[in-house]
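First comes the structure, then the notes that go with it.
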Amino acid sequence: MPKILIIEDEAAIRRVLTKILSEENDTYQVEEAEDGVVGFEKIKNNDYDLVLCDIKMPKMDGVEVLEAVKKIKPEIPMVMISGHGDMETAINTMRLGAFDYISKPPDLNRLLNTVRNALDKKQLVVENKILKKKVSKNYEMIGESEAINHIKIMIEKVAQTEARVLITGPNGTGKELVAHQLHEKSVRANFPLIEVNCAAIPSELIESELFGHVKGAFTSAVKDRAGKFEAADKGTIFLDEIGDMSLSAQAKVLRALQESMITRVGADKDIKVDVRVVAATNKDLKVEIAEGRFREDLYHRLAVILIKVPALNERRDDIPMLIAHFADKIALEQGNVVKKFSKEAINLLQEYDWTGNIRELRNVVERLIILGGSEISENDVKLFASK
């Protein structure tokens, strides 16, 4: 049920607004406040889906209320009520974060449309937050080992900065989780995180994928196309397996980092981009540099902060938590009851040599849930988790 607060010092206007909203939709729960001070106290102590706020009021005017609300509850849409002499102020409130303004006396259709649009926006904000939490949960870092706690501390320190990060570690260790956490905890979190798997793109197409191309740049370029760097503008680009990138593409990435400029394939016009770069690799880039396959100057540009993700064999204490996490997740995905693992089964899994790391452990847990008994036993592990 949408909850609306009307802050207005004129009792007659409050009554009119309350009557209009109540008659329009009997699900609206409308409350009133006679001045800005009372209104702000109500907002501090309650959750509202929309606030209608007069601009000229005693004690605390509408602009002051707007600025105070945006500091504590920025997600609440605020619609300002303006007299004829307040129109310039009303327009300025939009720059301060107001959703819209309506003039006195309120036009019925204008008021109702504004209220509906503001409530729709609030609902969208709520849905986006729920979706973001779900996405965030998919990239949650599971574990309390010393190595994982060290990474979590690193992420907290680095995420809010603009520093470039190079994530290293074997395949299947969860390097992409670190990249997502860095983005979600950064000031760029409301902008895109664009992922590029450099190993999965043919070397002749990597430059077009990263920087885009213009029509006619090559045979299949039938129209202009933006690249991943442009798509990530104001956000983060995650260059996974960057050790597999061609030297020519490396040179262009280096320029993008140095000058914050890219050029589409086949074009001569530069495009400015504002992108934070996070890269990952399972290769030893110093060896790649020594053998001429990776640019040393690019390495030093990327490796401002180094985060090493350990192999699963180096964090065996986390295996029980990971098993429980995967068991819950798989049960949810398949619509089944969560299966428990016996202590003996967990102990045996902790002794395995996990060459495929967390990715392999997840597959084994799923196999055991499908093929094992109602409780996964040591014998189930011996039968179905063998290499």
Side-chain angles (χ1 to χ4, degrees), residues 127-156 159 167-185 189 193 195 197 238 240-241 280 282 307-387:
E127 288 172 358
N128 283 342
K129 280 189 174 180
I130 293 169
L131 181 61
K132 195 166 184 180
K133 281 184 180 177
K134 286 181 180 177
V135 171
S136 180
K137 203 162 182 64
N138 286 336
Y139 293 99
E140 187 180 359
M141 295 188 70
I142 306 299
E144 295 295 337
S145 63
E146 185 179 344
I148 290 302
N149 283 334
H150 175 69
I151 291 173
K152 290 177 181 178
I153 291 168
M154 288 276 286
I155 290 170
E156 291 295 332
I167 308 163
T168 63
N171 282 332
T173 52
K175 296 187 289 298
E176 72 282 359
L177 303 188
V178 178
H180 276 264
Q181 289 285 311
L182 285 166
H183 177 71
E184 287 176 11
K185 293 176 184 290
L193 169 65
E195 299 182 56
N197 186 333
F238 175 42
D240 197 9
E241 303 303 349
N282 63 347
I307 296 180
K308 182 181 182 299
V309 183
L312 186 54
N313 290 339
E314 297 171 26
R315 45 177 294 215
R316 294 181 186 275
D317 290 347
D318 290 334
I319 288 176
M321 289 181 68
L322 287 163
I323 290 171
H325 170 73
F326 289 137
D328 287 347
K329 193 172 181 181
I330 291 162
L332 185 65
E333 289 171 358
Q334 298 179 354
N336 296 327
V337 176
V338 179
K339 284 191 178 183
K340 292 188 176 180
F341 283 64
S342 71
K343 186 177 179 181
E344 294 75 18
I346 292 171
N347 289 341
L348 188 55
L349 288 170
Q350 280 185 287
E351 295 171 7
Y352 270 55
D353 179 21
W354 295 102
T355 54
N357 296 293
I358 294 171
R359 194 176 294 147
E360 182 186 8
L361 174 63
R362 202 256 188 224
N363 291 343
V364 167
V365 169
E366 184 169 10
R367 190 188 313 149
L368 288 167
I369 286 171
I370 294 169
L371 301 176
S374 56
E375 180 183 74
I376 308 303
S377 66
E378 182 180 13
N379 191 52
D380 288 329
V381 174
K382 289 176 179 176
L383 283 172
F384 306 121
S386 57
K387 303 285 179 175

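FYI, side chains are in, hydrogens and waters are out, and symmetry mates aren't considered; it's all heavy atoms of this structure.
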Handout entry: Check: E344 main-chain N/O paired with N347 side-chain donor or acceptor under 3.5 Å
Key = no
Problem - Side-chain (E378) to main-chain (S342) donor-acceptor, under 3.5 angstrom - result: no
Fill in the blank from the handout: So salt bridge (Lys or Arg N to Asp or Glu O under 4.0 Å) across residues 169-181, not counting sequence neighbours, yields none
[X] to [Y] - nearest heavy-atom pair and separation:
{"X": "T173", "Y": "P310", "value": "CG2-O, 3.5 Å"}
{"X": "P170", "Y": "V309", "value": "CD-O, 3.7 Å"}
{"X": "L177", "Y": "Y139", "value": "CD2-CD2, 3.6 Å"}
{"X": "N357", "Y": "L312", "value": "OD1-N, 2.9 Å"}
{"X": "E375", "Y": "F341", "value": "CG-C, 4.4 Å"}
{"X": "L349", "Y": "W354", "value": "O-NE1, 2.9 Å"}

Only pairs under 3.5 Å count here: list side-chain donor-acceptor contacts from residues 332-340, not counting sequence neighbours, and write none if there are none.
residue, atom, partner, partner atom, Å
E333, OE1, R362, NH2, 3.0
E333, OE2, R362, NH2, 3.4
Q334, OE1, N336, ND2, 3.3
Q334, NE2, E366, OE2, 3.4
K339, NZ, I369, O, 2.7
K339, NZ, G372, O, 3.1
K339, NZ, G373, O, 3.1

Handout entry: Exercise: do S145 and D318 side chains pair donor with acceptor under 3.5 Å
Key = yes
Quick one: [atom1] on [X] to [atom2] on [Y], what's the gap to the nearest 0.5 Å?
{"X": "H150", "Y": "E146", "atom1": "NE2", "atom2": "CD", "result": "9.0 Å"}
{"X": "T355", "Y": "N171", "atom1": "OG1", "atom2": "CG", "result": "11.0 Å"}
{"X": "F326", "Y": "I142", "atom1": "CZ", "atom2": "CD1", "result": "8.0 Å"}
{"X": "I155", "Y": "K185", "atom1": "CD1", "atom2": "NZ", "result": "7.5 Å"}
{"X": "K308", "Y": "I151", "atom1": "NZ", "atom2": "CD1", "result": "8.5 Å"}
{"X": "H183", "Y": "E195", "atom1": "NE2", "atom2": "CD", "result": "10.0 Å"}

Handout entry: Sequence-distant partners of A324, side-chain contact (heavy atoms from CB on, under 4.5 Å), two or more places apart
Key = none
Problem - From CA spacing to verdict: side-chain contact (heavy atoms from CB on, under 4.5 Å), L371, D380 - result: CA-CA 8 Å; L371 301 176; D380 288 329; over 6 Å; no
Exercise for the section: Decide yes or no for E241 and N197: does some side-chain heavy atom of the first lie under 4.5 Å from some side-chain heavy atom of the second? Expected result: yes
Handout entry: L322 and R315, any side-chain heavy atoms less than 4.5 Å apart
Key = yes
Problem - Audit row: Y352, V364, side-chain contact (heavy atoms from CB on, under 4.5 Å) steps and yes/no - result: CA-CA 11 Å; Y352 270 55; V364 167; over 6 Å; no
